[in-house]
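The structure under discussion appears below in the form of structure tokens.
Residue indices begin at 1 and follow the sequence shown.
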Amino acid sequence: MPDLRRQIFESGKTVSRKAASREASRTNSPTNSKQTSRQGSRNASRAPSDEEDSAFFVFCVFLFSSLSFFFFFFFFLFFIGSIGSLDDEHPEQDNPDWEQELGERIQEILDRKRSSVQGREEALQAFCRLTKYHYTVEEIHGAVSDLLAAFERSVRTEVSVREATLGLRAIELLVISAFDNTVYENTEPLLTRTIRDSASPLVKTAAIHCLGACTIFGGAGEDGMLEQMGFLLDIIASDGQSINATDDPTIVTAALQQWGFLVTEVNDFEEESEEAVQIFMDQLDSSDSNVQIAAGENIALLYEKSYGPQEDDEDEESVESNDDSDEHEHENYPTSDPKLVKRYNAYHNTPELESQLQQLATIHGKQVSKRDKKSLHSNFASILTTVENPRRGPRYNTAIDQNTNRHYGSTLTVKIGRHGLMTIDRWWKWVRLNALRRILQGGFSEHYFQGNRSVLNSLPVMMRMANQGHGSADRQSARKAAKMRNSRRWTTYQSDDEDE
């Protein structure tokens with residue numbers, strides 16, 4: 001497969017922002033010095049007194065502090081404006097009238113005749129904020145199809161990039177809350193067309209994420225998932241060229257992330273594993289660290305899927321003959337899954353892959369920033385560990401007990417809100433957790449504790465409460481309230497074919 005990315009980036013040298021800033025300062029500094037040097041100088045006919053020196057020093061400090069605060073203040077405003085451009089990130093905890101506000105916003109969204117672009121953007125933004133921080137399955141019940149049609153109009157017309165992107169975000173939040181199996185069939189044609197035809201990279205990226213959410217939560221089934229995984233794999237293999245977005249790292253990263261999210265729902269991936277690993281290995285040569293990490297996580301996920309739980313009727317000899325890993329290490333591996341045994345080869349040349357991963361886990365050089373270098377080191381050390389032994393999950397830290405000479409390790413623990421901890425001991429849990437956090441952002445813990453079935457079905461892991469002295473009464477009250485809300489929701493909207 002030709003390395004399109006390498007061909008593009010070998011054509012020229014990229015100049016960093018810091019280097020450009022230094023070059024600009026060299027050009028401007030002589031002129032500025034000539035204009036201001038005479039005004040700031042003192043009379044040279046007499047020596048300055050100590051009082052004058054002290055006053056001048058204090059003035060310089062005051063001026064420097066004032067300018068620093070001025071630039072920091074404007075940088076802060078710019079930063080806040082940039083991250084809050086699509087969603088209002090203010091918490092909703094002190095909004096007792098949120099249900100009324102949501103009802104009013106839904107009416108604004110459905111009443112499109114007298115609306116303006118700015119009005120629709122504001123209504124969509126408010127809908128995203130409210131459904132992100134509140135589990136709204138009751139409030140949107142009966143209006144799902146109408147809301148979906150309104151959101152699709154905003155995406156289809158694409159009058160503004162902001163409206164289209166907010167419309168896609170609204171579809172994501174709708175499908176994760178509504179628990180409606182008709183969403184995928186109604187949205188898939190529009191989403192794939194938007195990914196191919198939109199002129200905006202932002203809209204393409206949002207549509208890729210939205211397609212992944214609708215496929216998982218909107219009733220696509222395994223056949224639909226495999227179809228969309230093939231679509232996303234074409235985007236990855238062509239570096240975005242298949243959708244007219246050549247060498248756009250944000251789009252390729254989104255495709256990699258959603259492909260990984262989808263494959264966690266596929267049971268048997270033996271026949272497709274070889275080709276997928278090879279495509280992801282090609283992306284390890286990308287110049288963008290996000291692309292590299294997303295590709296590496298998918299590789300670790302595929303190696304993990306090549307192992308399965310040992311069946312009751314399998315004898316030890318057949319397991320040992322098909323498993324080349326350390327039996328002592330497995331005995332001490334802290335996982336909630338049963339004993340895992342190798343089912344097939346995820347890739348034909350694992351040593352070659354391990355060598356490539358080792359280079360990324362120890363990468364050094366001035367061409368990589370310190371932040372990217374640190375991220376690559378930590379992520380690929382974990383990815384390499386899983387490829388070497390797929391029983392090890394993400395962020396697995398291994399050591400050897402000097403007394404027994406056996407391996408032991410620790411896995412990743414994630415704090416969920418203020419009430420509990422979640423152990424992430426498998427890559428499929430890590431990939432799903434990241435996908436859910438991307439959709440729900442600051443509202444993830446609210447949806448988890450409120451009993452959002454889409455979230456709970458995606459992460460069937462144990463929760464344990466954090467009992468740390470102070471605040472225990474508040475936690476008990478929060479648990480009691482959550483149980484009451486969950487009982488009411490599950491009793492009202494439990495599906496007929498769902499297990500008790």
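- Using modelled atom types and a 3.5 Å distance limit, the side chains of Gln278 and Tyr347 yield a donor-acceptor pair.
- Contact annotation: the side chain of Leu147 approaches that of Phe127 to within less than 4.5 Å [non-hydrogen atoms, C-beta and beyond].
- A donor-acceptor distance shorter than 3.5 angstrom exists from the side chain of Ser378 to the backbone of Ser375, with no hydrogens or angles considered.
- Using the six-membered ring where Trp is involved, Trp98 and His134 have ring planes that are parallel, under 30° apart on the 30 and 60° scheme.
- Between His377 and Leu360, the shortest heavy-atom distance links the atoms CD2-O, 3.8 Å.
- Using a cut-off of 4.0 Å between Lys/Arg side-chain N and Asp/Glu carboxylate O, Glu270 and Arg343 are scored as not salt-bridged.
- In summary, the side chains of Glu388 and Tyr303 do not present any donor paired with an acceptor at a separation below 3.5 Å, with no hydrogens or angles considered.
- There is no side-chain donor-acceptor pair under 3.5 Å between Thr386 and Arg392.
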Evaluate the side-chain hydrogen bond (donor to acceptor under 3.5 Å, both in side chains) criterion for residues Tyr344 and Glu271: first the C-alpha distance (whole Å), next the side-chain angles of each, then the deciding distance (0.1 Å), finally the verdict. CA-CA 10 Å; Tyr344 58 88; Glu271 295 183 2; over 6 Å; no
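- When every heavy atom of Cys214 is checked against every heavy atom of Val183, the shortest pair comes out as SG-CG1, 4.0 Å.
- Looking at Asn298, its side chain does come within 3.5 Å of a backbone N or O of Leu256 through a donor-acceptor pair.
- Side-chain N/O atoms of Glu172 and His209 include no donor and acceptor closer than 3.5 Å.
- Partner of Phe380 under the side-chain contact (heavy atoms from CB on, under 4.5 Å) criterion, chosen from Ile363, Ile293, Thr385: Ile293.
- Residues Asp180 and Thr182 have side chains that bring a donor and an acceptor to within less than 3.5 angstrom of each other.
- At least one donor-acceptor pair closer than 3.5 Å links the side chain of Lys204 to the backbone N or O of Arg196.
- Residues Gln241 and Asp247 have side chains that never bring a donor and an acceptor to within less than 3.5 angstrom of each other.
- Checked by atom type, the side-chain pair Glu297/Trp430 shows a donor-acceptor distance below 3.5 Å.
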